[in-house]
Amino acid sequence: MDSSQLLGITTFTYLFASFLYIGVLVFRNNKLGSIATGFTAIALLIQTIGLVLRWIESYRLGFGHAPFTNMYESVVFFAWMIIIIYLGIEWKFKTRTIGAFAVPISFLAMSYASFAPLDRGINPLVPALQSNWLLAHVVTCFVGYAAFAIAAALGIMYLAKSSAPAPAADKGSKEVLPSLRVLDDMIHKSMIFGFIWLSGGIITGAIWANSAWGTYWSWDPKETWSLITWFVYAITLHARYTRGIHGKTIAWLSLIGFIAVIFTYYGVNFLLSGLHSYGSN
Amino acid sequence: MYKNNSVWRLFASVKLALVTLVLIAGTSIIGTVVPQNEAIEWYAGKYGPEISQLIAILDISDMYGSWWFLGLIYLLCINLVICSIDRFPGVWKQIQADGLSFGEERLGKMSNRLSWEVKSSATQVSSRLEERLSGKGWKAKRKTTEEGILLFGQKGAWTRTGVYFVHASILVIFLGAVIGAIGGFKGFVMLPEKQVTDKIGLYGGGLLDLGFAVRCNSFSIDFYANGMPKDYTSSLTVIENGQEILTKTIEVNDPLTYKGITFYQSSYEPYQDFVITVKNPRNGAEKFFTVPFQKQVNWPEEGLRFGVINAKMRDQSLVSSKIWFTDDKGSPTTVWADDGAQTTVKREAGEYLISAKQMYATGLQVAKDPGVWWVYLGCGLMMFGLYVAFFMSHRRIWLLITETEEGAQILFAGSANKNRPGFESSFVELTEQLRDQ
């Protein structure tokens, strides 16, 4: 069995887990919830083995590098990171309903990785990428991206819940989604978490650029967009801290921030040119 | 007082910071869409005369160095400084605040509070509680007031300064950038193999005297089996006052630094010429020659003539070359040798060792940046400050012990400036430990 087969199985398991989580939301069935968590954990395990195997395969090919060096590998890693952070939240906040919004993002990322016209081969590294900073830079950035993805998923939940009519009280049904207050707090916390990791990602990138080219900042489009993204979240955190913005405004800002993340991550590689162009194949 | 001045209030406001951040973020997009550092004619050709004029007026061709963009950055800095000066005294007051001045009325309003009664006397119970607190890492201060005995402990008062570490870190990074811009330079040199230079071309224009010389001993390029470049390496030697100071083989991500000036492997240029190295093992004589393709060269001291008469190339890189060699005793020898590989040529007089490699020039990015350590310091400070600002909090607890007829009543109260749910659960835990008799 090779890594690409395992990652293929992962894609479908995330799809199945997504349906289960949506089922939890629709049928309000807690037993279904445990099964959903179980399948997600199994998919994560398979994906982890797949990533490790891909790493090993690259050594067998004679060059050997962490599996984060092209668009395909980075999308797989992004999906992996989202699930890790999501399962952490599920465990910490004891709620499964976020899964119906977060796991599908991972599934979409994995199916994009599996079916889009991307180079899925394991290629050796060009000289510029042969650095120990590769691992630190990619991991810090993607923990940040994944946290922002979760914040956006929470933002969608918030908007969905706040626009839905209040459930009839006589049904006596348990609240399925976390309360608006809890969601608001979770969005805020995910943003803070992502912000710290994005800061780390920008800093490791700057140090790496300096050791490779003698310039820690060159206003390359990728750098500039990562800074724009950083500003969007900095503005949001300041506005919340000093002006007390919350609720729908924070939910919308989590989506705007995530659009900036997606543009930094994906849009820049395809629409603009620059140092990170190797990511576009 | 100056703090009520409307200009001061404007610069101290977070509103201005938000507006400035939005403007910086928004305008930054321009430079990612409009290509930078092109000639004005290029913009005129692409966008038409009117827009290219606007580009010239607003300095869009170098927008991140333009007066208005730098102006926004300066505005942000001033805002950061004044906002911090404005707010810091208040924060300092909270850090210094005397918890022992709190009375029952204030403690009774705190959201985390609990009271219970004990049979022992106030003095006895207070020393027992003090001991328990110190066992849990709370060093309590004590004061006897009209209401009773007050114990006060706090943790992480300094963490209230976390956000100021972040703000200061941004200023330190900008300071580093300014130091780099004033005291540093960036340039480039294309240095052919075997050549020495003590000057480099600056990106801003002009030549810079390094104060020492650098020689490129050799350049080589390696490929993977699929044809992708694997390594660019240059062997460089620093020469100062005629002395060879140090030699290092640099590659991308592994530069050479001497006297604060760093040489980065950046690019290369293949030539049509060859570097032929010949060695006579019998007398130890060795010499290299730069030889154009299909031209012969003489080494009169050894009575030798040689050249490259044919070559196999892949893309622009030499795979192997056919060397023609003679000492004018007998017919010339021809031999195929891989790029840079040493081969033995047998002549009547004895053997010669010879190698031919394609000649390259190595492209070196040359930079000096005395501000970079300030930038790194700022980055470290930022990560530290963010951690403190978001994950650490100032936690305070009070125990007010009042004498009653049967013993003593204890009022336990606590507050935290951040992460209140987290504090709440540790408050409950602490309550259980304090009540446990």
Side-chain angles (χ1 to χ4, degrees), chain A residues 61-63 121 123-134 185 189 192-193 195-197 199-200 202-204 206-208 210-225 227-232 234-239 241-243 260 263 267-268 271-274, chain B residues 13-15 17-19 21-22 24-26 28-29 31-33 35-36 62-65 163 166 173 176-177 180 186 221-222 224-226 228-233 251-255 262-266 365-369 371-372 375-376 378-380 382-383 386-387 389-391 421:
Chain A
L61 288 169
F63 28 89
N123 291 315
L125 294 180
V126 296
L129 293 182
Q130 296 165 15
S131 165
N132 292 332
W133 287 105
L134 173 72
D185 185 50
K189 286 198 169 122
I192 287 174
F193 186 74
F195 186 70
I196 289 182
W197 285 95
S199 307
I202 294 174
I203 289 171
T204 50
I207 298 173
W208 183 6
N210 192 54
S211 68
W213 298 298
T215 315
Y216 51 84
W217 196 262
S218 56
W219 295 103
D220 157 77
K222 193 86 166 183
E223 290 172 351
T224 309
W225 269 98
L227 188 68
I228 293 168
T229 306
W230 192 82
F231 278 139
V232 170
I235 290 164
T236 307
L237 295 176
H238 277 86
Y241 185 67
T242 60
R243 327 218 103 212
F263 197 82
V268 170
L271 303 175
L272 308 169
S273 60
Chain B
S13 68
V14 178
K15 202 187 223 171
L18 292 179
V19 170
L21 285 173
V22 168
I24 293 176
S28 291
I29 299 173
T32 67
V33 179
Q36 297 287 291
D62 178 26
M63 74 147 277
Y64 302 110
V163 66
V166 180
I173 290 170
K186 288 198 165 54
I221 178 167
D222 269 352
Y224 293 108
N226 70 357
M228 272 172 68
K230 182 179 181 184
D231 272 317
Y232 312 112
T233 54
E251 57 181 308
V252 187
N253 283 310
D254 186 17
T262 307
F263 298 83
Y264 300 86
Q265 181 68 61
S266 159
Q365 170 110 338
V366 187
K368 181 183 177 182
D369 191 344
V372 75
V375 173
Y376 289 176
C379 291
M382 177 181 284
M383 294 312 292
L386 285 172
Y387 182 80
F390 289 127
F391 294 128

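Side-chain atoms are counted along with the backbone in the values below, which use heavy atoms only and exclude waters and symmetry mates. The chains referred to below are lettered A, B, ... by the order of the sequence lines, with proteins before strands, and numbering in each begins at 1. Just so it is clear, the structure is predicted and the values come from calculations on it, not from any experiment.
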Inset, instruction - Search all heavy atoms of A/Pro127 against all heavy atoms of B/Pro229 and return the closest pair with its distance. - result: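 Heavy atoms of A/Pro127 and B/Pro229 come nearest at CD-O, 3.5 Å.
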In the structure I gave you, are the side-chain heavy atoms of [X] and [Y] within less than 4.5 Å of one another anywhere?
{"X": "B/Asp231", "Y": "A/Gln130", "result": "yes"}
{"X": "B/Leu18", "Y": "A/Arg243", "result": "yes"}
{"X": "B/Met383", "Y": "A/Ser199", "result": "yes"}
{"X": "A/Thr224", "Y": "B/Tyr64", "result": "yes"}
{"X": "A/Phe195", "Y": "B/Phe390", "result": "yes"}

Please classify the contact between [X] and chain B as side chain, backbone, both or neither, with a heavy-atom cut-off of under 4.5 Å.
{"X": "A/Ile196", "answer": "both"}
{"X": "A/Thr215", "answer": "both"}
{"X": "A/Leu237", "answer": "side chain"}
{"X": "A/Ser211", "answer": "both"}
{"X": "A/Phe63", "answer": "side chain"}

What residue, out of [options], has the most heavy-atom pairs lying under 4.5 Å from chain B?
{"options": "A/Gly62, A/Ala212, A/Ala234", "value": "A/Ala212"}
{"options": "A/Ala260, A/Ala206, A/Ser131, A/Ala239", "value": "A/Ser131"}
{"options": "A/Thr242, A/Thr229, A/Ile202, A/Ile192", "value": "A/Ile192"}

Looking at [options], which one has more heavy-atom pairs under 4.5 Å with chain A than the rest?
{"options": "B/Val33, B/Ile29, B/Val366", "value": "B/Ile29"}
{"options": "B/Val163, B/Asp254, B/Val252", "value": "B/Val252"}
{"options": "B/Ser28, B/Ser266, B/Ala367, B/Ala17", "value": "B/Ser28"}

Legend entry - Any donor-acceptor N/O pair, B/Gln36 side chain to A/Trp219 backbone, under 3.5 Å: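 Pair absent, no side-chain N/O of B/Gln36 close to backbone of A/Trp219.
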Inset, instruction - Check each atom of B/Tyr224 against the heavy atoms of chain A and say whether the ones under 4.5 Å are side chain, backbone, both or neither. - result: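 Only the side chain of B/Tyr224 comes within 4.5 Å of chain A.
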Inset, instruction - Against chain A, label B/Ile173 side chain, backbone, both or neither, depending on which of its atoms sit under 4.5 Å from a heavy atom there. - result: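 Contact with chain A is absent: no heavy atom of B/Ile173 under 4.5 Å.
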Legend entry - Aromatic centroids of A/Trp213 and B/Tyr264 separated by under 6.0 Å: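 No: the rings miss the under 6.0 Å criterion.
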Legend entry - Residues that B/Lys368 engages under salt bridge (charged side-chain N to carboxylate O under 4.0 Å, His left out), provided they are two or more places apart: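 Salt bridge (charged side-chain N to carboxylate O under 4.0 Å, His left out) check on B/Lys368 returns nothing, list empty.
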Inset, instruction - List in chain and number order the residues that pass salt bridge (charged side-chain N to carboxylate O under 4.0 Å, His left out) with B/Asp222, two or more places apart in sequence or in another chain; answer none if no residue qualifies. - result: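 If we apply the salt bridge (charged side-chain N to carboxylate O under 4.0 Å, His left out) test to B/Asp222, skipping adjacent residues, there are no hits.
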Legend entry - More than 12 heavy atoms of other groups within 6.0 Å of B/Asn226 CG: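 For B/Asn226, atom CG is crowded (more than 12 foreign heavy atoms under 6.0 Å).
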Inset, instruction - Check the pair B/Val14 / A/Tyr241 against side-chain contact (heavy atoms from CB on, under 4.5 Å), numbers first and verdict last. - result: CA-CA 10 Å; B/Val14 178; A/Tyr241 185 67; over 6 Å; no
Modelled atom types, side-chain donor and acceptor of [X] and [Y], under 3.5 Å:
{"X": "B/Thr32", "Y": "A/Trp225", "answer": "yes"}
{"X": "A/Trp133", "Y": "B/Asn253", "answer": "no"}
{"X": "B/Tyr376", "Y": "A/Asn210", "answer": "yes"}

Inset, instruction - Nearest 0.5 Å please: distance from the CH2 atom of A/Trp197 over to the CG atom of B/Leu386. - result: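 Reported to 0.5 Å precision, the distance equals 12.5 Å.
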